[in-house]
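Because the structure is predicted, anything quoted here is derived from the model rather than measured.
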Amino acid sequence: MAKVFCVANQKGGVGKTTTTVNLAAGLAKVGQRVLMIDLDPQGNATMGSGVDKRTLELTVYDVLLESASIAEARVKSEKCGYDVLGSSRELSGAEVELVAMERREKRLRAAIEAVAQDYDFVLIDCPPSLSMLTLNGLCAANGVIVPMQCEYFALEGLTDLVNTIKQVHANLNKDLQIIGLLRVMFDPRITLQQQVSDQLKAHFADKVFNTVIPRNVRLAEAPSYGLPGVVFDLSAKGSVAYVDFAEEMVLRIKTM
């Protein structure tokens, strides 16, 4: 049965999509069956997985409106080794359409349950805002992976996210918890980043993943080639770190 994780942070530009596609590719590298769901209307995780969103006949939009199942809408990313439930611009219209519908916040959860036996991991890339799309992701998930930069404003954004997760846990999804905080774009030469990292470990203890993702040019270049860094250049420091993170995730879910 698949473990379902949202990659979420209400602050933009913190590496959510980079983390989602590289973790998916890393998990595939270590022999896990993975489905990556792109809940962001921009479709960056779709394109970054080697799938052209413009050619998709069915997307997560159709799944949320219940006009297609995940089994019908998913596509295999041959280059990356995992399945993709892609996104497109029309997904932004789903926000308005879902408002008047029944079970509007739990449609993705029901769709995932139908294919849960097919996967070890389902990773959901959420948009940066707390929207109906993000809410569907949080209601479907067993837990949340929070990528964050070790900067002062990131700590403020983390407080907002923790409060949101508590509200969803109390009212909509009793399974939801923070699985862990992933330090990304980390540069140990910057004193402030080291200080914030130490604060995170002091406050959140074992909720902070041991793996640290360094700031890495090859990871930044990879999306322009339509690939995760792990597939684009497996030898790069950032790619090695994401494979290490994938192995840490596999170990962590065994203790859940």
Tell me whether K207 contacts the main-chain N or O of I178 through its side chain, where contact means a donor paired with an acceptor under 3.5 Å.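 Confirmed, K207 side chain pairs with I178 backbone.
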
For the side chain to side chain donor-acceptor pair (under 3.5 Å) test, which of D38, T59, T17 pairs with T46?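 It is D38, the one option of D38, T59, T17 that forms the side chain to side chain donor-acceptor pair (under 3.5 Å) with T46.
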
Tell me, please, which residues at least two apart from R183 pass salt bridge (charged side-chain N to carboxylate O under 4.0 Å, His left out).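 Scan of R183 (salt bridge (charged side-chain N to carboxylate O under 4.0 Å, His left out), adjacent residues dropped) gives none.
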
Is there any side chain to side chain donor-acceptor pair (under 3.5 Å) pair reaching into residues 26-37, and which pairs are they, with sequence neighbours excluded?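 Applying side chain to side chain donor-acceptor pair (under 3.5 Å) to every pair that reaches into residues 26-37, excluding sequence neighbours, yields R33-D120.
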
Apart from M47 itself, what residues make up its hydrophobic cluster, given side-chain heavy atom links below 4.5 Å?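 Its cluster partners, ordered by chain and number, are none at all.
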
Close side-chain approach of L234 and V243, heavy atoms under 4.5 Å: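 Sidechains of V243 and L234: in contact.
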
Using 4.0 Å as the upper bound for N to carboxylate O, is an ion pair formed by [Y] and [X]?
| X | Y | answer |
| --- | --- | --- |
| K201 | D206 | no |
| E66 | R103 | yes |
| D175 | R109 | yes |

From [atom1] ([X]) to [atom2] ([Y]), nearest 0.5 Å:
| X | Y | atom1 | atom2 | result |
| --- | --- | --- | --- | --- |
| E151 | Q193 | CD | CD | 6.0 Å |
| L192 | Q149 | CG | CD | 11.0 Å |
| L64 | L39 | CG | CG | 6.5 Å |

Taking it one step at a time, do T19 and Y242 satisfy side-chain hydrogen bond (donor to acceptor under 3.5 Å, both in side chains)? CA-CA 8 Å; T19 294; Y242 271 116; 2.9 Å; yes

K76 atom NZ: more than 12 heavy-atom contacts under 6.0 Å: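 For K76, atom NZ is crowded (more than 12 foreign heavy atoms under 6.0 Å).
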
Do the rings of F5 and F121 sit parallel, tilted or perpendicular, given the 30° and 60° boundaries?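 Geometry flag for F121 against F5: tilted rings.
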
Any side-chain donor near an acceptor of the partner, Y61 and S87, under 3.5 Å: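 Per modelled atom types, Y61 and S87 side chains form no pair under 3.5 Å.
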
